[in-house]
Amino acid sequence: MSTLPLEVVEMFGQTLVKVVPITIVLALVFSVLSYFWACNPGAPWWRKREIVTDVCYWFFVVFNIHDADELIAFYDNGHGPLSELPLWVQAAIFLILSDFMLYWLHRMYHGGGFWKYHAIHHSSEDLDWISAARFHPVNLFLGTVAVDVILLMAGISPNIMLWVGPFTTFHSAFVHANLNWTLGPFKYVLATPVFHRWHHTSQEEGGNTNFAGTFPVWDILFGTFRMPENRLPDNYGVHDQTIPSEIGGQLAYPFRR
Ligand SMILES: [Zn+2]
Ligand SMILES: [Zn+2]
């Protein structure tokens, strides 16, 4: 008798065991923080209009992150000169180089033919921590996945993912959270909620800025940094296009027309 159905159920169970606790922690942390320091007043994140859509994305994307075990086994312990550096140095190199590549990929997605894939990420009108996972798969593959694979192929040890993975999951939820935090002078060092929420505003409000995922230094260097003093961003989403609100329609969206 085939054990496949049982294996599928077991894998599904293992995913839930991994993803649910992280999700609960993030939900608690950002509910409390945005109760005190909301960037935009209004209903809490769980009353977002498209909450079901975002919960679906969340479980798909976080599931894939935790599928990294296979990737780690495939790339073994890294290779070549990079893999001989201390792990923390490799993690720093990974964070800086991947962020640099993602900055330019992000700018590519904002121009011309690639926008239709990235528009899905920008379709959240109620922007909150759980919006962090709303990405079209094409955007993910020709984005974080491609960049990870390039750096692993260059020899970086996949073991750094043990630190980098949780950091990027938390940090990307953080920059989307409904928080009025700029981190004062550190706004030039690390991407903050206000920094990234400006990126989600419309073109007219200056939305074509703040492309960096983690380090705003790329935006400062290449002239796309924008954080107006004494003002907070509001009004998010893509208003000039009709993007479906449910996940199936969103996945099909770039392929229509
Ligand atoms: Zn964008
Ligand atoms: Zn975003």
Side-chain angles (χ1 to χ4, degrees), residues 26 30 34 39-40 45 48-51 53-58 60-62 64-65 98-147 167-183 187 190-216 218-219 222-227 232-241 243 245 247 250 253-254:
L26 291 174
F30 291 117
S34 54
C39 179
N40 310 107
W45 63 270
K48 267 163 70 78
R49 272 164 290 177
E50 294 165 8
I51 187 66
T53 303
D54 280 334
V55 168
C56 292
Y57 276 106
W58 184 260
F60 281 125
V61 170
V62 178
N64 280 320
I65 289 168
S98 66
D99 207 48
F100 176 74
M101 289 190 263
L102 287 172
Y103 171 85
W104 287 105
L105 280 170
H106 195 176
R107 286 191 64 168
M108 177 193 82
Y109 273 113
H110 272 261
F114 287 99
W115 167 250
K116 59 190 177 195
Y117 301 104
H118 188 57
I120 302 301
H121 180 62
H122 280 268
S123 68
S124 282
E125 290 177 13
D126 301 328
L127 195 63
D128 218 312
W129 68 275
I130 201 161
S131 316
R134 189 190 288 204
F135 276 103
H136 194 277
V138 170
N139 198 160
L140 282 179
F141 277 100
L142 195 58
T144 44
V145 175
V147 165
F167 169 76
T168 48
T169 303
F170 176 81
H171 183 257
S172 61
F174 172 69
V175 298
H176 290 94
N178 182 16
L179 293 174
N180 60 9
W181 292 7
T182 59
L183 302 188
K187 66 183 173 192
L190 190 72
T192 60
V194 171
F195 171 86
H196 191 66
R197 291 171 78 86
W198 275 117
H199 176 71
H200 277 265
T201 59
S202 68
Q203 205 98 307
E204 303 81 64
E205 281 180 85
N208 240 352
T209 50
N210 301 359
F211 295 97
T214 309
F215 307 117
W218 310 124
D219 287 291
F222 303 115
T224 48
F225 182 87
R226 198 179 98 91
M227 272 177 89
L232 287 173
D234 61 13
N235 199 6
Y236 314 100
V238 188
H239 299 294
D240 52 337
Q241 284 150 299
I243 295 179
S245 61
I247 189 164
Q250 291 184 358
Y253 173 79

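Start at 1 and go down the list; that is how both ligands and their atoms are numbered.
Of the candidates Asp126, Asp128, Asp54, Lys48 forms a side chain to side chain donor-acceptor pair (under 3.5 Å) with just one, namely Asp54.
Annotation: ring-ring contact (aromatic ring centres under 6.0 Å, His included) contacts of Phe114 (sequence neighbours excluded): Tyr109. In terms of the ring-ring contact (aromatic ring centres under 6.0 Å, His included) criterion, residue partners of His110 (sequence neighbours excluded) are, by chain and number, His106, Trp115, His118, His122, His199, Phe211. Residues meeting the ring-ring contact (aromatic ring centres under 6.0 Å, His included) test with Phe222, sequence neighbours left out: Tyr103, Trp104.
A donor-acceptor pair under 3.5 Å links the side-chain atoms of Asn40 to the main chain of Pro233, judged by distance alone.
Around the Zn ion (ligand 1), the protein atoms of type N, O or S that sit closer than 2.8 Å are His106 NE2, His110 NE2, His118 NE2, His122 NE2, His199 NE2.
For His196, the N, O or S atom closest to the Zn ion (ligand 2) goes by the atom name NE2.
Between His121 and His176, the gap from one ring centroid to the other is short of 6.0 Å.
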